[in-house]
Amino acid sequence: MKFRPLHDRVLVKRLESEEKTAGGIIIPDTAKEKPMQGEVVAVGSGTRGEDGKLVALDVKAGDRILFGKWSGTEVKIDGDDLLIMKESDILGVLA
């Protein structure tokens, strides 16, 4: 893929949600909520601080992250459904 986000933007691929509940009930596609976990595919170069220096982002490609339900903009790149969001929309990194 030849796409690089700009500034403090991050390209994220959603992780698949569970097909079954803890009790073993299978969830149909129409009842599933969009997962709020994803994997960072690419990151921008960062933002400029007040002193003019480039401040790198805290996340990097390959990180698993949590984000808000309505975060980001959905895009389709090379047939993949991805999200572009600002780093500030990311709630945290999963260890």
Side-chain angles (χ1 to χ4, degrees):
M1 174 183 338
K2 295 184 179 184
F3 179 82
R4 182 178 54 90
L6 298 176
H7 308 295
D8 65 339
R9 301 243 178 350
V10 179
L11 187 66
V12 176
K13 181 176 184 176
R14 282 188 198 268
L15 296 177
E16 295 299 320
S17 59
E18 293 293 322
E19 299 288 325
K20 291 183 183 180
T21 64
I25 298 172
I26 296 174
I27 304 169
D29 287 340
T30 55
K32 287 183 190 174
E33 289 190 15
K34 291 183 179 180
M36 296 185 311
Q37 290 186 26
E39 181 178 345
V40 176
V41 176
V43 297
S45 58
T47 58
R48 297 269 175 202
E50 291 181 16
D51 57 0
K53 292 184 180 176
L54 192 64
V55 179
L57 301 180
D58 288 333
V59 295
K60 60 187 179 308
D63 283 349
R64 289 183 57 163
I65 60 167
L66 288 175
F67 50 88
K69 186 180 271 189
W70 308 110
S71 298
T73 302
E74 294 181 352
V75 295
K76 187 169 245 179
I77 301 174
D78 293 340
D80 292 329
D81 291 323
L82 303 169
L83 287 168
I84 297 176
M85 65 180 68
K86 289 188 169 237
E87 184 185 36
S88 60
D89 291 338
I90 296 173
L91 303 175
V93 178
L94 296 168

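No hydrogens, no waters, no symmetry mates; every other heavy atom, side chains included, goes into these values.
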### Task
Might you work through the side chain to side chain contact (heavy atoms under 4.5 Å, CB included) test for L11 and V40, ending with a clear yes or no?
CA-CA 6 Å; L11 187 66; V40 176; over 6 Å; no
Once side chain to side chain contact (heavy atoms under 4.5 Å, CB included) is applied, do any residues pair with [X], and if so which ones, sequence neighbours excluded?
{"X": "R4", "value": "L6"}
{"X": "D89", "value": "S71, M85, K86"}
{"X": "V93", "value": "V59, D63, I65"}

### Query
Any donor-acceptor pair under 3.5 Å linking the side chain of E87 with the backbone of D58?
yes
Identify the two heavy atoms, one from [X] and one from [Y], that lie closest to each other, and give their separation to 0.1 Å.
{"X": "L83", "Y": "G72", "answer": "CD2-C, 4.4 Å"}
{"X": "A61", "Y": "V41", "answer": "CB-O, 3.5 Å"}
{"X": "R14", "Y": "E74", "answer": "NH2-OE2, 3.6 Å"}
{"X": "G49", "Y": "V55", "answer": "N-CG2, 4.0 Å"}
{"X": "F67", "Y": "Q37", "answer": "CE2-C, 3.6 Å"}

### Message
Distance check, rounded to the nearest 0.5 Å: L94 atom CG versus E39 atom CD?
### Response
11.0 Å
#### Entry: Same apolar cluster: I90 and L66, side chain cutoff 4.5 Å
no
### Query
With sequence neighbours left out, which residue pairs that include part of residues 40-55 fulfil the side chain to side chain donor-acceptor pair (under 3.5 Å) condition?
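Every pair satisfying side chain to side chain donor-acceptor pair (under 3.5 Å) with a residue in residues 40-55: there are none.
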